Amino acid sequence: MKPANCVVFVATLRGICRLKVMSGRPTYFDEMFGHGTAARAPYADYSKWFADEDTARLLSKSEEAEALFRLIGVTFNVYGDPDATERLIPFDLVPRIIAAREWAKVAKGIEQRVRALNAFLHDIYHRQEIVRAGRLPAEMIARNDAFLPEMIGVSPPGDIYTHIVGTDLVRTGDDEFFVLEDNARTPSGVSYMLENRETMLHMFPELFSKIKVQSVGQYPRSLRKSLSACAPDACNGRPTIAVLTPGIHNSAYYEHAFLADQMSAELVEGHDLRVVDGRVAMRTTRGYKPIDVLYRRVDDEYLDPMNFNPDSVLGVPGIMDVYRAGGITIANAPGTGIADDKAIYSYMPDIVEFYTGEKAILQNVPTHRCSEPQALKYVLDNLADLVVKEVHGSGGYGMLVGPAASKKEIEDFRAKLEAAPGNYIAQPTLALSTVPILTDAGLAPRHVDLRPFVLVSPDRIDITPGGLTRVALTEGSLVVNSSQGGGTKDTWVLEE
Amino acid sequence: MRLNVLHKTHYTYDAPVPYGLQQVRLRPKSRLGQLVEEWRIDVTGGQVEVSFEDEHANAVDLVSFASGQTEIEITCAGIVDVEDKAGIVGPQGGYVPLWLFRRSTVLTKPGEHVQALADSAPANCSDLDRLHALSAHVLEQVPYSTDQTASDLTAEAVMEAGHGVCQDHAHVFITAARLLGFPARYVSGYLMMDDRVDQDASHAWAEAYVEGLGWVGFDISNGISPDARYVRVATGLDYRGAAPISGLRYGNAGEDMSVTLQVQQQ
């Protein structure tokens with residue numbers, strides 16, 4: 001299985017990469033200091049508090065935080081590293097702070113995008129109006145491995161396909177946010193968001209009494225509520241919710257167990273479930289109990305050995321049949337991964353406009369589709385400046401970061417690209433914003449991205465204020481993913 | 001023609017089966033040229049868990065084994081009125097886009113033999129003639145024979161074997177038709193053979209999509225398009241998508257299957 005918790009925006013297989021300084025000094029937007037030395041408004045109170053703090057005390061707090069995480073057990077597994085099956089994701093205690101006004105616009109943009117995504121998924125598995133209208137080429141669907149014919153004609157309860165979305169954002173300026181990718185499949189990382197806040201509240205209670213920060217702690221309750229609202233017609237009374245995990249060896253197992261515990265749901269593995277009396281039911285000491293909503297953290301391919309990969313031992317035979325008969329809700333719906341495809345991503349501005357009738361509020365990163373001859377020519381001529389990604393790739397594998405690559409790496413990649421241009425898209429290297437981290441020498445800027453967590457139910461879209469900020473801990477690095485030396489920060493959205 | 005169908009599939013196991021499921025596609029539907037007057041499915045040794053319509057509008061029943069069972073039997077019985085429509089099935093209904101029927105599957109992945117067969121189809125004629133010619137070529141190169149070594153062969157393996165049954169013919173035809181650009185699909189169903197009441201097995205043929213006509217059936221094994229003796233039960237991209245019964249079971253019990261099928265004119 002692919003790693004579930006390392007969705008990256010800029011990464012190489014060999015670990016940390018540095019953005020080479022092409023000419024002069026790149027001027028990144030720092031979210032604390034802007035382009036100057038005085039704190040921006042959202043950081044004003046924090047900055048005052050920080051000035052009175054002793055760096056040595058804070059550094060010792062940092063160690064305390066790490067001890068806390070180890071105690072709680074927030075760990076993740078790194079694939080391909082047998083010596084480190086469980087590692088801590090480093091936590092930096094300088095929060096990332098976003099003003100209420102800044103957040104309101106981002107949240108509005110996310111909501112619009114998520115509505116469009118669900119409408120798009122419904123359309124793709126029904127009449128495909130967007131293809132008929134000539135706004136999306138049929139090959140985008142036909143060649144997409146994540147398109148599941150078994151979902152054709154299936155309308156899940158409330159017509160929600162992607163119940164839990166993680167819309168990855170990057171910031172490049174005071175008022176400039178870009179969507180990096182949409183993660184409509186199974187976004188992970190929400191447990192880190194919650195634990196980071198818990199830790200900050202524990203270590204710096206006085207800060208939270210001085211500065212009013214919007215709460216994130218309601219997330220598990222909201223998740224439960226949101227999933228319950230999508231229960232199938234077959235549900236009797238209070239919906240029974242279960243989290244389906246591939247098991248203890250999965251990199252995100254901690255999160256699966258954590259979420260099940262936090263929202264009072266059952267944590268199950270495939271072998272705990274079977275089809276009983278027309279429902280998918282869980283073995284208990286008092287017989288089988290039907291599951292109404294299954295929050296599955298198992299990929300489509302492994303979900304049902306009878307309908308998909310017959311060798312899978314992680315799934316539940318026949319669950320797709322029960323699903324198609326309306327006996328269970330699967331969140332997220334099978335086949336939603338089609339929206340995570342990077343070629344589809346390049347059409348998102350059109351997709352948003354087609355289904356909402358509005359221009360997209362959040363910008364897409366300009367994307368060159370290498371399947372188009374002119375775009376390909378441009379990309380080949382500018383490989384050293386571009387980030388080139390595999391269309392179906394995830395986790396940052398098989399990509400080229402032009403500015404960080406050696407001549408040989410670029411030439412090797414050129415050959416791959418020329419051999420199968422349709423498999424690639426390219427994007428400019430963005431000047432990602434920085435937020436300071438605490439180092440032995442005091443504050444130092446590091447690049448960040450943001451994954452907000454979005455819950456979709458038939459009557460509302462619930463966006464947790466903030467989300468998970470990932471930070472590249474090495475100076476100059478653009479790699480934020482946890483398996484490659486990235487860390488996390490608490491993300492604050494201030495009260496109005 | 002009013003056809004009376006009685007179809008029993010009986011499985012026996014040499015050890016109790018702790019748990020098993022079968023996906024059953026054995027409910028014909030009323031459609032152009034086919035009126036299902038009566039149809040019922042009975043299961044002994046198991047129960048129908050859910051019924052639904054799949055993406056190809058096949059009616060599907062999910063059957064579970066009763067725990068510890070050593071036998072399970074699925075019986076279908078019904079009456080279907082069929083008209084001869086010269087093999088024409090009609091336009092593509094539902095939501096499945098036509099391009100899906102150009103996709104190759106595990107069983108219909110083309111190789112050099114099927115490619116050569118497709119290349120041999122005449123070019124200067126109508127689509128319909130071309131497909132009929134293709135159907136004849138398949139039967140020439142893969143004569144009908146029940147002297148089979150394996151079931152579930154790929155189209156390419158069938159070409160190499162040089163003989164096959166209706167399922168194999170359908171796979172080769174579908175694979176080649178797709179190479180020629182036609183959307184094509186597999187059909188499972190019943191055929192009343194005129195000279196007998198007890199049929200050996202359920203039948204399979206293929207359909208290809210012809211601009212202007214819609215879906216047209218080709219019974220490659222018999223060299224004709226389906227007529228009033230054919231009951232169309234399920235369709236799919238290949239056998240696996242349209243299989244009358246496909247199953248999964250736990251344990252190591254050996255399986256033995258026997259089929260009795262009667263199709264007769266009423």
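Below, chains carry the letters A, B, ... as their sequence lines are ordered, and counting in each starts from 1. Atom set for the values below is all heavy atoms of this structure, side chains included, hydrogens, waters and symmetry mates excluded. Model, not experiment: these values are computed from the prediction.
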Quiz item: In terms of heavy-atom proximity below 4.5 Å to chain A, should B:S64 be classed as side chain, backbone, both, or neither?
Solution: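 The answer is neither part of B:S64.
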Exercise. Check whether B:R102 gets within reach of chain A through its side chain, its backbone, both or neither, counting any heavy atom under 4.5 Å.
Key: neither
From [X] [atom1] over to [Y] [atom2], what is the distance, rounded to the nearest 0.5 angstrom?
X	Y	atom1	atom2	answer
A:D277	B:E49	CG	CD	6.0 Å
A:E150	B:H56	CD	NE2	8.0 Å
B:D54	A:I152	CG	CD1	10.0 Å
A:I319	B:L62	CD1	CG	11.5 Å
A:R274	B:L21	CZ	CG	8.5 Å

Contact check, side chains of [X] and [Y], non-hydrogen atoms, under 4.5 Å:
X	Y	value
A:V275	B:V50	no
A:P149	B:R103	yes
A:I141	B:W99	yes

Exercise. Among A:P317, A:P310, A:G153, single out the residue with the greatest number of heavy-atom pairs under 4.5 Å to chain B.
Key: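 It is A:P317.
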Self-check item: Residues, nucleotides or ligands: over 12 heavy atoms within 6.0 Å of B:N252 CG
Solution: no
Exercise. Establish, yes or no, whether the cationic atom of A:R127 lies under 6.0 Å from the six-membered ring centre of B:Y95 and within 45° of the ring axis.
Key: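 No; the conditions do not both hold, so A:R127 does not lie above the ring face of B:Y95.
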Self-check item: Structural part of A:P305 lying under 4.5 Å from a heavy atom of chain B
Solution: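 Its backbone and side chain both get close to chain B.
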Self-check item: Residue part contacting chain B, namely of A:V154, when any heavy atom lies under 4.5 Å
Solution: neither
Quiz item: Using 4.0 Å as the upper bound for N to carboxylate O, is an ion pair formed by B:E55 and A:R324?
Solution: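 Between B:E55 and A:R324 there is a salt bridge, with a charged N closer than 4.0 Å to a carboxylate O.
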Practice problem: Indicate the atoms forming the closest heavy-atom contact of B:S51 with A:A325, along with that distance. | Solution: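 Reported closest heavy-atom pair: O-CB, 3.7 Å.
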